[in-house]
Amino acid sequence: MAEGKIPSRSDDYSGWYLRTIQEAKMVDYGPVKGTMVIRPYGYALWENVQQALDTRFKATGHVNAYFPLFIPYSFLQKEAEHVEGFSPELALVTHAGGEELAEPVVVRPTSETIINHYYSQWVQSWRDLPILINQWANVVRWELRTRPFLRTSEFLWQEGHTAHAAFEEAEEETLKMLGVYADFAVNEAAIPVIQGRKSENERFAGADNTYTIEAMMGDGKGLQSGTSHNLGQNFAKAFDIQFLDQDNERKYVWQTSWGLSTRMVGAIIMTHGDDNGLVMPPRLAPHQVVIVPIWRKESEREAVLALTDEVEAKLRDAGIRVTSDRDDSHTAGWKFNEWELKGVPIRIEIGPRDVAKNAVVFARRDRPGREGKEFGIAVDSVAATAQQWLDDIHDSLLARATAFRDENIIDVDDYEQFKAVIANNQWARVWWAGSNAQEQQIKEETSATLRCFPLDQPDERGICFFSGNPNAEIALFGKGY
RNA sequence: CGGGGCGUAGCGCAGCCCGGUAGCGCGCUUCGUUCGGGACGAAGAGGUCGUGGGUUCAAAUCCCGCCGCCCCGACCA
């Protein structure tokens with residue numbers, strides 16, 4: 001159907017991904033290694049991600065602010081683990097204004113340091129807490145191995161940075177925002193995610209605990225799709241963020257940070273896409289409905305376009321994001337394929353036969369080709385039908401992705417089986433209480449990483465499948481992006 | 001940073017072994033016929049062959065250097 005325009009996912013998953021996003025005009029490569037241009041169709045998806053998240057942030061009491069892109073290098077150095085974690089991938093500005101700078105300036109890889117520099121000034125009293133700030137920004141990390149959306153040297157994200165009076169409040173905030181991400185992923189992006197805790201090896205540099213929403217892509221690889229960190233008092237101590245509590249004691253604040261990036265766009269593509277191209281989750285799709293008017297003779301054109309106008313207006317009035325493709329330099333069949341490549345959830349076809357019946361044809365993207373078509377949808381019911389279809393498609397995408405994920409998580413209790421499961425691009429679900437070194441050993445031997453310890457654990461503990469240690473937790477291992 | 005691949009028209013590629021007028025498909029422009037699953041015809045436009053040097057009467061092609069990008073791995077959202 002795609003006429004060889006894109007490789008099939010089974011033949012060449014990476015090629016499928018790279019070609020699809022370019023053919024669909026989501027992205028172009030930037031002129032500098034590892035950078036990308038997010039084209040209007042890709043950016044529209046990101047804007048819908050932003051809106052859905054921003055609404056949730058506001059609803060949970062957060063406010064937006066903006067901090068500078070340039071950060072003094074000395075700020076990074078204040079937190080030892082943090083600078084150690086990030087220095088390999090920092091972009092440093094050493095010259096500006098035609099002169100060498102007295103102190104090099106880093107382009108932010110994340111904003112903990114600069115934000116906490118200000119928090120130390122803004123926080124005096126327990127009455128100043130909590131601080132619940134989010135920032136939408138770009139960040140730069142000089143990556144060795146890049147891939148559009150999944151890992152680029154510059155990417156867009158939001159980063160929440162909060163400060164609290166008590167440890168419990170910070171832990172609650174960390175998990176609350178993880179829950180917000182999970183809710184967003186499931187209910188907006190139709191991506192089933194597992195909420196979990198990262199291992200020490202995988203933890204954010206400078207965090208006491210890192211939590212993740214972990215998703216399985218169409219090739220079985222894992223993708224950390226959003227993270228939430230409990231920073232403890234590490235940055236509070238490094239930046240001296242203290243407040244006078246109600247008991248008249250000076251105390252360090254407890255902090256969190258949490259982020260979700262344009263990587264989510266990659267997650268959406270790799271979770272739902274098929275061999276015909278993108279499949280957009282209905283609630284985030286730039287266009288939820290595309291209307292393709294069809295006419296044979298000039299005499300039919302007017303009536304077809306009149307009905308197109310009518311249907312488009314009904315959908316728009318119902319709050320549905322709709323567009324119509326009236327370009328007469330392409331045939332209807334060409335347009336069908338093109339909009340399928342772009343993943344629009346619902347296509348409505350309107351031709352002379354439909355005009356005669358005062359009805360239209362609906363086609364759903366999650367069932368490509370003729371199987372997904374339904375004829376004779378009455379014009380009066382287009383808005384209600386479209387709304388219902390969008391919900392159905394969302395549910396069906398989520399159900400399909402959930403089934404795929406669950407089929408590919410295998411319970412494992414010995415290392416040979418573990419290796420076989422990983423080699424088969426699946427995830428292994430195991431009891432784990434091994435050391436960091438043993439976790440590293442598994443990574444070297446199988447290239448699988450500990451994706452997370454799911455928050456949802458059985459009541460009892462088990463015996464570690466690898467070390468034999470008691471008191472093990474359930475962990476998921478798999479290859480990751 | 002290791003391994004592999006590729007730089008020739010907007011995109012995808014052939015041409016390179018064996019040096020001699022730069023080609024094909026798609027796309028683009030104009031006109032006409034078309035249009036319910038990637039239409040057809042005609043006429044056009046478009047390339048300092050990544051870059052610097054060397055060999056040669058002559059280099060996309062042979063030799064040396066450099067640069068860039070992609071893919072696979074190690075590090076990371």
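Computed over heavy atoms, backbone and side chain alike; hydrogens, waters and symmetry mates excluded.
Taking atom CD of residue A:Glu23 and atom P of nucleotide B:rC26, one finds them 15 Å apart after rounding to whole Å. A:Tyr481 places its OH atom 11 Å from the P atom of B:rC71, with the value rounded to the nearest Å. Atom CG in A:Leu18 sits roughly 12 Å away from atom C1' in B:rC69 (whole-Å rounding). Put simply, CG on A:Asp325 is 15 Å from P on B:rG37, counting in whole angstrom units. Look at CG on A:Asn201: it is 13 Å from C1' on B:rC75, rounded to the nearest Å. Taking atom CD of A:Gln22 as the reference point, atom C1' of B:rC26 lies 16 Å away to the nearest angstrom. Put simply, CD on A:Glu143 is 17 Å from C1' on B:rC70, counting in whole angstrom units. At whole-Å resolution of the value, CH2 in A:Trp334 and C1' in B:rA39 are 13 Å apart.
Using a 4.0 Å heavy-atom criterion, one finds that A:Arg347 contacts the bases of the nucleic acid, with or without backbone contacts as well. Residue contacts for A:Ser447: at a heavy-atom cut-off of 4.0 Å it reaches the sugar-phosphate backbone alone, with no base atom in range. Residue A:Thr146 is in sugar-phosphate contact alone, with no base atom involved, counting any heavy-atom pair closer than 4.0 Å across all strands shown. Across all strands shown, A:Ser14 has heavy atoms under 4.0 Å from sugar-phosphate atoms exclusively, and none from any base. Across all strands shown, A:Glu89 has heavy atoms under 4.0 Å from sugar-phosphate atoms exclusively, and none from any base.
In summary, A:Glu23 and A:Arg19 engage in a salt bridge, as defined by a charged side-chain N under 4.0 Å from a carboxylate O. Between A:Arg353 and A:Glu300, no side-chain nitrogen of the basic residue sits less than 4.0 Å from a carboxylate oxygen of the acidic one, so the salt-bridge criterion is not met. Salt-bridge check for A:Asp309 with A:Arg326: passed, with a basic side-chain N closer than 4.0 Å to an acidic carboxylate O.
Within a 6.0 Å radius of CH2 in A:Trp136, other residues, nucleotides and ligands contribute more than 12 heavy atoms.
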Q.
With ring pair (Phe, Tyr, Trp, His ring centres under 6.0 Å) as the criterion, how do A:Phe155 and A:Trp157 come out once you've worked through the C-alpha distance, each side chain's angles and the decisive distance to 0.1 Å?
A. CA-CA 7 Å; A:Phe155 58 91; A:Trp157 76 346; 5.7 Å; yes

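Taking the nucleotide of RNA chain B with the nearest heavy atom to each of A:Gly34 and A:Pro368, the more 5' of the two is matched to A:Pro368.
Nucleotide B:rG41 forms a pair with B:rC31, judged by Watson-Crick or G-U wobble geometry with both contacts under 3.5 Å. Base pairing analysis places B:rC62 opposite B:rG54; the two distances defining the Watson-Crick or G-U wobble pair are each below 3.5 Å. Across all strands shown, nothing is found opposite B:rC17 as a Watson-Crick or G-U wobble partner with both distances under 3.5 Å. Remark: B:rC69 base-pairs with B:rG5; criterion is Watson-Crick or G-U wobble with both hydrogen-bond distances under 3.5 Å. Taking a pair to require two hydrogen-bonding distances under 3.5 Å in either a Watson-Crick or a G-U wobble arrangement, B:rG25 pairs with B:rC11.
Look at the P atom in both B:rU21 and B:rG3: the space between them is 38 Å, to the nearest Å. Here, B:rU8 and B:rA60 have their C1' atoms 7 Å apart, quoted to the whole Å. For the C1' atoms, the distance linking B:rC57 with B:rU51 amounts to 25 Å, nearest Å. Only the C1' atoms considered, B:rC11 is 14 Å distant from B:rG47, to the nearest whole Å.
Of the candidate nucleotides B:rA74, B:rG37, B:rC70, B:rC70 has the atom lying nearest to any side-chain atom of A:Tyr29.
Put simply, the side chain of A:Arg19 and the base of B:rG12 share no donor and acceptor less than 3.5 Å apart.
A:Phe67 and A:His161 have their aromatic ring centers separated by at least 6.0 angstrom. For A:Phe477 and A:Trp432, the gap between ring centers is short of 6.0 Å. Between A:Phe184 and A:Tyr181, the ring centre distance reaches or exceeds 6.0 Å. Taking the ring centroids of A:His229 and A:Tyr211, they lie at or beyond the 6.0 Å cut-off. Centroid-to-centroid, the aromatic rings of A:Trp46 and A:Phe149 stay 6.0 Å apart or farther.
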What protein N or O atoms touch nucleotides 31-36 of chain B N or O atoms at under 3.5 angstrom, if any, and at what distances?
from: B:rC35; atom 1: O2'; to: A:Trp295; atom 2: O; distance (Å): 3.4
from: B:rG36; atom 1: O6; to: A:Gly351; atom 2: N; distance (Å): 3.4
from: B:rG36; atom 1: O6; to: A:Gly351; atom 2: O; distance (Å): 3.2
from: B:rG36; atom 1: O6; to: A:Pro352; atom 2: N; distance (Å): 2.9
from: B:rG36; atom 1: O6; to: A:Arg353; atom 2: N; distance (Å): 2.6
from: B:rG36; atom 1: O6; to: A:Asp354; atom 2: N; distance (Å): 3.4
from: B:rG36; atom 1: O6; to: A:Asp354; atom 2: OD2; distance (Å): 3.3
from: B:rG36; atom 1: N1; to: A:Gly351; atom 2: N; distance (Å): 3.4
from: B:rG36; atom 1: N1; to: A:Asp354; atom 2: OD2; distance (Å): 2.4
from: B:rG36; atom 1: N2; to: A:Asp354; atom 2: OD2; distance (Å): 3.2

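Between A:Lys443 and B:rC75 there is a side-chain N or O to OP1 or OP2 distance below 4.0 Å. Within the 4.0 Å cut-off from OP1 or OP2 of B:rC75, at least one side-chain nitrogen or oxygen of A:Gln440 is found.
A heavy atom closer than 4.0 Å to some atom of RNA chain B occurs in A:Gln224, A:Thr227, these being the qualifying members of residues 219-230 of chain A.
In this structure, A:Lys221 forms a cation-pi arrangement with A:Tyr481, its terminal cationic atom sitting closer than 6.0 Å to the ring centre and no more than 45° off the ring axis.
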